[in-house]
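Take a look at the structure set out below.
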Amino acid sequence: MSHHIVPLKTNIITLSTLVFLTAVTVLTAKYIHLGENGNLVLAMFIACVKATIVFGWFMHLKYEGIMNRVIALCGLGFLLLFVGLSYLDLFFR
Amino acid sequence: MSTASYDKKTQAAHHFDSLDQQHEAGKQGVWLFMATEIMMFGGLFVGYFLYRFKFHDMYIVGGDSLNWQLGALNTLVLLISSFTMAQAVTETMSGNNKKALKLIYVTVACAFVFLIVKYFEYSAKVHHGMFPGFDMWNPDMTYIMSQLRESSQGIITADPANLRLFFVLYFAMTGLHGIHILIGIGLMFWIIKRIKNDEFSPKYYTAVEGVGLYWHIVDIIWIFLFPLMYLI
């Protein structure tokens with residue numbers, strides 16, 4: 001297993017991207033009106049992008065082997081199942 | 001000390017073949033824990049979303065009564081602390097323990113700033129009777145409605161009984177997140193102590209990386225909490 005050391009520059013770029021996306025989240029939510037669910041979907045989309053960046057670069061998942069990626073995706077997968085089935089129940093009961 | 005003594009910086013524990021295997025096993029354990037964290041908070045998020053569709057207006061009223069500027073400040077503080085933690089892992093892996101120590105001090109400072117801001121937010125909510133427990137639920141509706149965004153003024157009228165649900169979720173989710181921050185601070189002090197004992201090296205840094213992973217997942221949860229609670 002290689003021990004990949006993430007350089008300072010990469011960490012700074014990661015932080016800058018996250019701060020930029022936070023600003024985008026605030027500005028879109030406050031000043032762009034896309035209707036009740038439009039803003040929710042947009043904000044969640046940006047949050048998912050931010051989470052992916054944290055998972056990939058700060059948490060080194062980009063440099064990990066397959067095993068830890070599978071574990072992380074299992075957590076997210078079961079969460080999606082939970083959300084999906086709950087919504088099926090809510091909308092089609 | 002009767003336990004077998006070996007140099008942790010250069011030798012693996014006896015039940016591992018190599019330092020690499022030991023490191024990978026330890027990190028995998030932390031990742032399994034991260035998966036359970038995702039699912040634990042996930043349950044609360046599912047609750048948030050399900051009730052959002054039933055009591056949409058109450059989420060608007062409740063969300064607007066929160067101070068989004070303070071929420072944004074806390075988002076920034078946590079992102080910076082995530083950066084310093086990630087960089088601390090980089091420095092430990094490169095053998096610069098002194099730099100790593102400084103970066104972890106900054107991380108702890110950020111965690112305390114986060115909690116102090118949260119204290120002011122919580123006390124403002126308690127002051128206006130928006131804490132849904134211990135007979136403290138007595139919301140100041142005039143104040144709450146005055147915080148509502150202009151486009152919804154007059155359209156939405158809040159029912160205090162339903163509004164309570166939003167604040168139950170708000171305090172449960174940010175509260176559990178706050179407990180994670182507290183635990184994170186404890187873990188940081190553990191790492192600080194171990195760095196001062198000169199326990200880490202480029203060959204052995206599993207604990208720093210593990211605490212880093214934990215700290216980043218706490219950040220990720222806040223990345224979702226901030227827009228859901230304060231903005232939308």
Side-chain angles (χ1 to χ4, degrees), chain A residues 1-8 10-12 14-16 18-19 21-23 25-26 28-30 33 36-37 39-40 42-44 46-48 50-55 57-61 64-65 67-80 82-83 85-87 89-91, chain B residues 20-21 23-24 27-28 30-32 34-39 41-43 45-47 49-50 52-54 56 60 68-69 71-72 75-76 79-80 82-87 89-91 93-94 149 151 202-203 205 209 212-213 215-217 219-221 223-228 230-232:
Chain A
M1 273 293 169
S2 63
H3 294 238
H4 188 278
I5 302 181
V6 182
L8 174 65
T10 310
N11 282 338
I12 289 176
T14 310
L15 173 67
S16 317
L18 290 170
V19 171
L21 287 175
T22 305
T25 309
V26 172
T28 51
K30 285 282 161 195
H33 302 292
E36 286 186 1
N37 295 329
N39 278 97
L40 177 68
L42 179 63
M44 283 303 93
I46 300 172
C48 287
K50 284 171 77 180
T52 310
I53 292 170
V54 177
F55 272 121
W57 279 269
F58 276 169
M59 296 175 88
H60 302 174
L61 221 48
E64 287 284 344
M67 197 60 203
N68 289 339
R69 292 187 199 190
V70 168
I71 291 171
L73 283 175
C74 273
L76 293 168
F78 277 107
L79 181 56
L80 276 180
F82 192 4
V83 175
L85 291 177
S86 302
Y87 272 131
D89 183 50
L90 186 72
F91 292 139
Chain B
D20 268 350
Q21 191 204 21
H23 174 75
E24 290 303 319
K27 193 160 63 180
Q28 190 170 308
V30 178
W31 269 108
L32 281 168
M34 292 305 102
T36 67
E37 288 282 76
I38 292 168
M39 289 188 278
F41 274 97
F45 279 106
V46 171
F49 280 115
L50 289 185
R52 191 183 169 96
F53 282 88
K54 275 197 128 124
H56 176 262
I60 301 285
W68 71 267
Q69 287 94 339
T75 309
L76 203 60
L79 288 178
I80 291 169
S82 251
F83 163 75
T84 54
M85 190 67 224
Q87 189 56 28
V89 174
T90 296
E91 297 295 355
M93 287 169 85
S94 324
R149 65 191 73 172
S151 55
K203 283 189 168 174
Y205 54 86
E209 199 175 24
L213 289 175
W215 194 250
H216 298 310
I217 209 94
D219 187 25
I220 287 177
I221 290 156
I223 283 173
F224 284 96
L225 279 180
F226 170 57
L228 287 178
Y230 293 81
L231 293 176
I232 308 294

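Computation of the quantities below employed the complete heavy-atom set of this structure, encompassing side-chain atoms and omitting hydrogens, waters and symmetry-equivalent molecules. Note that the coordinates shown come from a computational prediction; the quantities given were computed from them, not determined experimentally.
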In terms of heavy-atom pairs under 4.5 Å with chain A, the winner among B:Leu213, B:Thr36, B:Ile80 is B:Leu213
Bottom line for A:Thr14: the part with an atom under 4.5 Å from chain B's heavy atoms is neither
Can you confirm whether A:Lys30 is buried at NZ, in the sense that more than 12 heavy atoms of other residues, nucleotides or ligands lie under 6.0 Å from that atom?
yes
Which answer fits A:Met67, side chain, backbone, both or neither, if we ask what part of it has an atom under 4.5 Å from a heavy atom of chain B?
side chain
As an exercise: rank A:Cys74, A:Ala23, A:Cys48, A:Pro7 by heavy-atom pairs under 4.5 Å with chain B and give me the winner.
A:Cys48
B:Val30 versus chain A, heavy atoms under 4.5 Å apart: side chain, backbone, both or neither?
neither
Does A:Arg69 have any salt bridge (charged side-chain N to carboxylate O under 4.0 Å, His left out) partners at least two apart in sequence or in another chain, and if so, which?
none
Can you see which heavy atom on B:Gly43 is nearest to which on A:Phe82, and at what distance?
CA-CE2, 3.6 Å
Should the pair B:Phe53 and A:Tyr87 be assigned to parallel (<30°), tilted (30 to 60°) or perpendicular (>60°) ring geometry?
perpendicular
Quick check on A:Asp89 against chain B: is it the side chain, the backbone, both or neither that has a heavy atom closer than 4.5 Å?
neither
At a heavy-atom separation under 4.5 Å, does B:Ile217 approach chain A through its side chain, its backbone, both, or neither?
both
Per-residue tally against chain A (heavy atom, under 4.5 Å) across B:Ser94, B:Ala86, B:Gly212 peaks at B:Ala86
Heavy-atom cut-off 4.5 Å, strictly under: side chain, backbone, both or neither for A:Leu42 against chain B?
neither
Could you check whether any side-chain heavy atom of B:Val89 comes within less than 4.5 Å of a side-chain heavy atom of A:Ile5, counting everything from C-beta outward?
no
Check whether B:Phe45 gets within reach of chain A through its side chain, its backbone, both or neither, counting any heavy atom under 4.5 Å.
neither
Taken in chain and number order and not counting sequence neighbours, the residues that satisfy salt bridge (charged side-chain N to carboxylate O under 4.0 Å, His left out) with B:Lys27 are A:Glu64, B:Glu209
From B:Ile232 atom CD1 to A:Asn39 atom CG, the distance as rounded to the nearest 0.5 Å:
5.5 Å
Value rounded to 0.5 Å, distance of OG1 in A:Thr52 from CD1 in B:Ile223:
9.5 Å
Looking at B:Gln28, B:His23, B:Met39, which has the largest count of heavy-atom pairs under 4.5 Å with chain A?
B:Gln28
Report which part of A:Ile53 has an atom under 4.5 Å of a heavy atom belonging to chain B: side chain, backbone, both, or neither.
neither
When rounded to the nearest 0.5 Å, the distance separating CZ of A:Phe58 from CG of B:Leu79 is 7.5 Å
For residues A:Phe55 and B:His216, determine if any side-chain heavy atom of one lies less than 4.5 Å from a side-chain heavy atom of the other.
no
Once you round to the nearest 0.5 Å, how far does CD1 of A:Ile71 lie from CH2 of B:Trp31?
9.0 Å
Contact origin within A:Leu18 toward chain B - heavy atom pairs under 4.5 Å
both
With a 4.5 angstrom heavy-atom cut-off, is it the side chain or the backbone of A:Leu90 that approaches chain B, or both, or neither?
side chain
So how far is it from B:Asp219 CG to A:Lys50 NZ, rounded to the nearest 0.5 Å?
8.0 Å
d(B:Leu231 CG, A:Thr25 OG1) to nearest 0.5 Å is 7.5 Å
Which one of B:His56, B:Glu91, B:Arg149, B:Met34 has the most heavy-atom pairs closer than 4.5 Å to chain A?
B:His56
Side chain, backbone, both or neither: which part of B:Trp215 has a non-hydrogen atom closer than 4.5 Å to chain A?
neither
Any side-chain heavy atom of A:Ile12 sitting closer than 4.5 Å to one from B:Gln87?
no
Do you know the tightest heavy-atom contact between A:Thr22 and B:Phe226?
CG2-CE2, 4.4 Å
Partner chain B: residue of A:Leu40, A:Val83, A:Leu76, A:Val26 with the largest heavy-atom pair count (under 4.5 Å)
A:Leu40
Heavy-atom distances under 4.5 Å only: say whether B:Ile38 touches chain A with side chain, backbone, both or neither.
both
B:Thr75 versus chain A, heavy atoms under 4.5 Å apart: side chain, backbone, both or neither?
side chain
